[in-house]
Protein chains: 2
Amino acid sequence: MRGVEALSAINSRPTAVVIADQLRESIIDGAFAPGDQVNEALVASRLNVSRGPVREALHRLVQEGLLLARPNRGVFVQELDARDVAEVFAAREVIECAAGEIVTGRDADRREAAADRLTAIVDRMQAAFDAGDWPRLGRIDLEFHTALVADAGNSRLDRAYATLATEALICLTHFPGAYPERSNVVPGHRELIELVRSGTMEELHRALHEHLSVDDHRLHGHDADGDLRHGRPEGDAVASQP
Amino acid sequence: MRGVEALSAINSRPTAVVIADQLRESIIDGAFAPGDQVNEALVASRLNVSRGPVREALHRLVQEGLLLARPNRGVFVQELDARDVAEVFAAREVIECAAGEIVTGRDADRREAAADRLTAIVDRMQAAFDAGDWPRLGRIDLEFHTALVADAGNSRLDRAYATLATEALICLTHFPGAYPERSNVVPGHRELIELVRSGTMEELHRALHEHLSVDDHRLHGHDADGDLRHGRPEGDAVASQP
DNA sequence: TCGATGCGGATTGTTGACAATCTGCACGTG
DNA sequence: CACGTGCAGATTGTCAACAATCCGCATCGA
């Protein structure tokens with residue numbers, strides 16, 4: 001019984017979760033274009049599983065807002081327009097500022113620990129930047145912000161933010177204008193860390209606002225379908241109040 | 001072709017959604033106690049449907065955080081402790097304050113319209129209060145706050161808030177101490193409306209903070225399982241960042 | 001007596017087949 | 001030629017059976 005500690009828990013994650021993760025990555029990468037139909041049977045045969053798990057995975061992504069299900073018609077990749085991008089970034093700012101408020105309000109030791117965690121992430125960002133790996137840069141960027149929110153210690157905010165982070169990644173893929181000048185990315189995050197370390201909440205709010213503001217003109221010209229908005233999927237996460 | 005306009009779109013909502021709604025209500029009502037197991041086959045036979053839709057409905061509620069799925073074991077009603085209640089109310093304050101910031105920042109006409117919508121809801125609250133129908137009072141209460149968030153016009157915030165509202169309702173059922181003195185409920189909401197109407201953001205923030213603050217001592221003695229916290233369900237909504 | 005081990009019951013996970021529903025096109029009719 | 005109608009194809013929605021997995025308990029050995 002010596003080597004047991006070297007064994008890592010086998011992650012026999014449910015098939016549906018694996019499929020959902022894979023599809024999510026494909027959507028983020030842009031392998032599925034917005035508006036594309038995602039066929040249950042097709043995906044199932046491609047992955048050599050039956051339609052059951054695929055169906056479950058698709059519904060999962062529908063609830064996340066990545067896919068849109070039209071009853072008896074099919075599920076389609078949700079189309080994002082400039083308004084969606086603005087919504088996502090505005091919502092992110094709401095949650096991140098709240099997290100920042102909590103984190104900066106703590107004592108210096110805890111702020112220091114949080115700053116260290118974030119610094120480790122930014123170091124990886126720097127590496128991705130040096131390598132010119134922009135997709136990875138984007139992912140680590142969102143990982144940074146997710147970690148910031150996680151530091152607030154409110155799992156409900158985590159849950160809400162996770163969805164937004166995924167949507168933001170998609171926005172980055174389809175709206176190149178939404179991402180700031182790449183050379184500013186790493187320094188910008190280091191600034192956020194310093195504000196966490198020093199515990200200056202107002203400054204952090206300002207920096208986050210700047211960090212997450214999406215200028216309309218930056219988006220202009222990238223919007224695929226203009227003003228057209230879809231309603232929320234019928235089978236949404238929570239029933240509307242009666 | 002005269003009477004067609006009187007016809008309302010038949011809402012043949014998917015079976016799974018209907019089941020999910022029904023289960024959600026049962027959980028809110030307390031018909032399922034926290035920790036109880038919810039058996040797929042049992043629910044299916046009770047509702048005269050196969051396990052498929054039931055399974056889908058359960059997974060839906062797991063993603064909402066109402067149920068906890070233990071792989072190959074079963075799904076159980078999520079147990080809430082005082083910490084969860086605090087989290088839910090803190091997260092609600094975050095989102096509602098953000099919504100308040102947006103709404104109060106608009107011009108007087110739009111604020112007035114929002115206030116009118118909210119007033120209609122509070123009037124129904126008053127009716128529930130007069131009737132002594134506390135469960136209904138709680139639901140309309142959350143409906144009020146959901147409407148406030150909806151007025152901000154950010155569907156991402158709506159989505160996040162919907163889950164929190166459901167969890168808050170469950171908290172109200174299982175932690176009677178979380179709800180303020182009932183006679184204060186209606187006046188408290190009318191105060192919020194007035195602050196929306198007058199557009200005084202700081203005051204609205206203060207009022208919301210007061211409205212949503214959960215005193216530890218109010219909760220004390222209602223917590224079923226003390227400090228024991230469960231991890232998030234493995235099959236959670238969004239994969240952890242790599 | 002205490003701990004490991006194998007077995008049985010229960011529950012979820014998965015599958016393939018069948019039914020219901022919707023859309024788009026071709027056809028017939030005024 | 002315009003409009004309504006019926007059909008065909010495709011896709012999701014639902015179902016019941018099978019397989020895999022896990023927990024709890026009885027058993028066995030030191």
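Naming: A, B, ... by sequence-line order, numbering from 1 per chain.
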**Asked** Can a cation-pi geometry be assigned to B:Arg92 and B:Tyr161, taking NZ or CZ under 6.0 Å from the six-membered ring centre and within 45° of the ring axis?
**Response** no
**Prompt:** Quick one: B:Asn72 CG to C:dG9 C1', roughly how many Å, whole number?
**Reply:** 15 Å
**Asked** If you check every side-chain atom of A:Arg51, which of D:dT14, C:dT14, C:dT12 has the closest atom?
**Response** D:dT14
**Request:** List the steps and the verdict of salt bridge (Lys or Arg N to Asp or Glu O under 4.0 Å) for A:Arg110 and A:Asp151.
**Result:** CA-CA 10 Å; A:Arg110 299 186 70 179; A:Asp151 258 314; over 6 Å; no
**Length of the CG-P vector between B:Leu47 and D:dC15, whole Å** = 11 Å
**Fill in**
Result for 5'-nearest mapping on DNA chain C, choosing between B:Ala41 and A:Arg73, is B:Ala41
**Message:** What contact category does A:Val54 fall into here, base, sugar-phosphate, or nothing, at under 4.0 angstrom with non-hydrogen atoms?
**Reply:** nothing
**Message:** Nearest heavy atom decides the nucleotide; on that basis, is B:Gln37 or A:Val49 closer to the 5' end of DNA chain C?
**Reply:** B:Gln37
**Item:** Verdict with supporting geometry, B:Asp123 and B:Arg117, salt bridge (Lys or Arg N to Asp or Glu O under 4.0 Å)
**Value:** CA-CA 10 Å; B:Asp123 288 345; B:Arg117 280 189 289 272; over 6 Å; no
**Prompt:** Quick one: which of D:dC15, C:dT12, C:dT14 gets closest to the side chain of B:Asn39?
**Reply:** C:dT12
**Request:** Would you indicate what A:Gly52 reaches in the nucleic acid, counting non-hydrogen atoms under 4.0 angstrom: base, sugar-phosphate, or nothing?
**Result:** base
**Item:** Rounded interatomic separation in angstrom, taking CD from A:Glu40 and P from C:dT14
**Value:** 15 Å
**Prompt:** Looking only at side-chain N and O atoms, does B:Arg55 come under 4.0 Å of OP1 or OP2 in C:dG13?
**Reply:** yes
**Item:** Spacing between A:Asp36 atom CG and D:dT11 atom P, to the nearest angstrom
**Value:** 13 Å
**Fill in**
Paired with B:Arg159, the salt bridge (Lys or Arg N to Asp or Glu O under 4.0 Å) test is passed by just one of A:Glu64, A:Glu167, A:Glu87, namely A:Glu167
**Asked** With a non-hydrogen cut-off below 4.0 angstrom, is A:Arg70 in contact with a base, only sugar-phosphate, or nothing?
**Response** nothing
**Item:** Gap between atoms CG and C1', on B:Leu42 and C:dA10 respectively (whole Å)
**Value:** 12 Å
**Under 3.5 Å: donor-acceptor pair, side chain of B:Ser26, backbone of B:Ala31** = no
**Prompt:** Within this structure, what is the CD-to-P distance between A:Glu56 and D:dG13, rounded to whole angstrom?
**Reply:** 14 Å
**Prompt:** Rounded to whole angstrom units, what separation is found between the CZ atom of B:Phe76 and the P atom of C:dA10?
**Reply:** 15 Å
